[in-house]
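These notes concern the structure reproduced below.
Here, residue 1 is the first one in the sequence, and each next residue gets the next number.
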Amino acid sequence: MSVHDVLSCRLDTMSGAVVIKRSRVPVDTLFAYLSIEEFLEQFPTITRSEAEAVLAAALNELKNHFPHRTS
């Protein structure tokens with residue numbers, strides 16, 4: 001499955017934000033709702049800032065598949 005199978009980006013949907021396909025839910029929202037608390041409890045050698053940096057990098061990589069996005 002590719003990024004384009006699950007995400008889309010169209011100017012007429014959420015003003016060009018990258019959204020979950022067949023919805024108006026921005027991918028940013030999914031990442032914002034992910035809780036890293038349980039992950040950090042299970043892997044105490046990982047810092048919160050490291051986990052947040054990984055999530056931010058992953059989100060940016062996903063968005064890079066849509067060069068004409070607005071956000």
Side-chain angles (χ1 to χ4, degrees):
M1 184 174 292
S2 77
V3 170
H4 294 279
D5 291 333
V6 294
L7 300 176
S8 66
C9 179
R10 296 177 32 181
L11 286 176
D12 63 343
T13 305
M14 298 299 290
S15 302
V18 178
V19 298
I20 298 170
K21 206 166 215 172
R22 293 179 296 283
S23 80
R24 296 176 54 84
V25 180
V27 70
D28 300 66
T29 303
L30 172 61
F31 276 76
Y33 272 82
L34 293 177
S35 171
I36 60 173
E37 295 304 320
E38 186 175 330
F39 175 82
L40 293 175
E41 288 175 12
Q42 296 295 316
F43 301 94
T45 60
I46 305 298
T47 67
R48 175 176 296 280
S49 62
E50 289 170 327
E52 289 173 347
V54 169
L55 290 175
L59 180 58
N60 285 334
E61 283 299 312
L62 286 174
K63 287 181 170 187
N64 284 337
H65 287 273
F66 300 92
H68 303 292
R69 71 187 187 282
T70 59
S71 67

Checklist entry - What distance do R48 atom CZ and I36 atom CD1 have between them, rounded to the nearest 0.5 Å? => result 4.5 Å
Checklist entry - To the nearest 0.5 Å, how far apart are CG in L55 and CG in N60? => result 11.0 Å
Checklist entry - What residue pairs, at least two apart or across chains, pass ring pair (Phe, Tyr, Trp, His ring centres under 6.0 Å) with a residue in residues 7-41? => result F39-F43
Item to check | Residues in side-chain hydrogen bond (donor to acceptor under 3.5 Å, both in side chains) contact with N64, at least two apart in sequence or another chain | outcome: none
Next on the checklist: Under the criterion side chain to side chain contact (heavy atoms under 4.5 Å, CB included), I'd like the reasoning laid out for D28 against K63: C-alpha separation, chi angles, the key distance, then a yes or no.
Outcome noted: CA-CA 9 Å; D28 300 66; K63 287 181 170 187; 2.7 Å; yes
Item to check | Minimum-distance pair of heavy atoms, taken over all atoms of L40 and A51 | outcome: CD2-CB, 4.1 Å
Distance-only check: which donor-acceptor pairs under 3.5 Å involve side-chain atoms of residues 14-22, not counting sequence neighbours?
{"residue": "K21", "atom": "NZ", "partner": "H4", "partner atom": "O", "Å": "2.6"}

Checklist entry - With a 4.5 Å heavy-atom cut-off, do H68 and L11 have their side chains touching? => result no
Checklist entry - If two hydrophobic side chains count as joined below 4.5 Å and joins carry through other members, does V3 share a cluster with V54? => result no
Next on the checklist: Using 0.5 Å steps for rounding, measure from the OG1 atom of T45 to the CD atom of E50.
Outcome noted: 8.0 Å
Checklist entry - Can you list the residues that meet the side-chain hydrogen bond (donor to acceptor under 3.5 Å, both in side chains) rule with E52, with sequence neighbours excluded? => result none
Checklist entry - Listed by chain and number, what are the side-chain contact (heavy atoms from CB on, under 4.5 Å) partners of S35, not counting sequence neighbours? => result E37
Item to check | Those residues that, when tested against D12, pass side-chain contact (heavy atoms from CB on, under 4.5 Å) (two or more places apart) | outcome: R10
